[in-house]
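Working notes, beginning with the structure itself.
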Amino acid sequence: MRYWLMKSEPDEFSIDDLKRVKREGWSGVRNYQARNFMRDEMKCGDMILFYHSSCRPPGVAGIAKVSKESHPDPSAFNQKSAYYDEKSSPEKPRWFMVEVEFVEKFKKYVTLDEIKERKTLSQMKVIQKGSRLSITPVTKKEFDTICKMGQA
DNA sequence: GCCAACGTTGGC
DNA sequence: GCCAACGTTGGC
């Protein structure tokens, strides 16, 4: 089993939204690296740190898991969608998504500042300067550490 | 709102 | 295939 961090802007879709709907297709990703993770590497049962970005303060809000593996992202075929891509078609899809399922909301929100303060988390992509990738792998140790911080 | 970092586009 | 211009992300 692997571990991931996925960013979401809480104004668009927050951990509370995921809790309410239980499962959500992770559509709209239009970055090749993130797509490749979803298409090729994310498996059912993989655990996800649900990260709130572009908000104050940014940080990890809870846990989700992969509930459905790679399938074409239909928003790319929808001309009315903000994520429409004329180069993607049902016959030859360019963009893929996974579905994620709510697991828990942290008792304590783990802020980006707190992550930066921990030496053992210094390798995490999300704290590297200029890192914009919305889906990144994390190690089990990193995952477990942040989970513990979230229970405090 | 600013701006650094990064990804994508397109002319050559 | 290079690289300048442009657009986006996302912390601050």
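Chain letters run A, B, ... following the sequence lines, proteins first and then strands; every chain starts at 1.
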Using a cut-off of strictly less than 4.0 Å, decide whether A/Tyr51 has a side-chain nitrogen or oxygen near OP1 or OP2 of C/dG11.
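Answer yes for this pair, as a side-chain N or O of A/Tyr51 is under 4.0 Å from OP1 or OP2.
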Any A/Lys129 side-chain N or O less than 4.0 Å from OP1/OP2 of B/dA4
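Checking A/Lys129 against B/dA4: no side-chain N or O falls below 4.0 Å of OP1 or OP2.
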Look at the side chain of A/Ser122 and the backbone N and O of A/Lys119, then say whether any donor-acceptor pair between them is shorter than 3.5 Å.
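Yes; judged by distance alone, with no hydrogens or angles, the pair exists.
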Provide, to the nearest angstrom, the distance between the [atom1] atom belonging to [X] and the [atom2] atom belonging to [N].
X	N	atom1	atom2	result
A/Leu133	B/dA4	CG	P	22 Å
A/Asn31	C/dT9	CG	C1'	10 Å
A/Arg56	C/dT9	CZ	P	19 Å
A/Glu12	C/dT8	CD	C1'	14 Å
A/Tyr32	B/dT9	OH	P	6 Å
A/Asp85	C/dT8	CG	C1'	16 Å
A/Arg94	B/dG7	CZ	P	17 Å
A/Ile127	C/dC12	CD1	P	11 Å

Distance-only donor-acceptor check, side chains A/Thr111 and A/Asp113, under 3.5 Å:
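No.
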Which nucleotide in C/dG10, C/dC12, C/dT8 has an atom nearest any side-chain atom of A/Lys116:
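Nearest nucleotide to the side chain: C/dC12.
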So that I can tick it off, tell me whether A/Asp16 and A/Arg20 are bridged by a salt bridge, with the cut-off set at under 4.0 angstrom between side-chain N and carboxylate O.
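The answer is no: the pair does not qualify as a salt bridge.
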Could you point out which residue of A/Val66, A/Val138, A/Val98 forms a side chain to side chain contact (heavy atoms under 4.5 Å, CB included) with A/Ile48?
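The option that passes is A/Val66.
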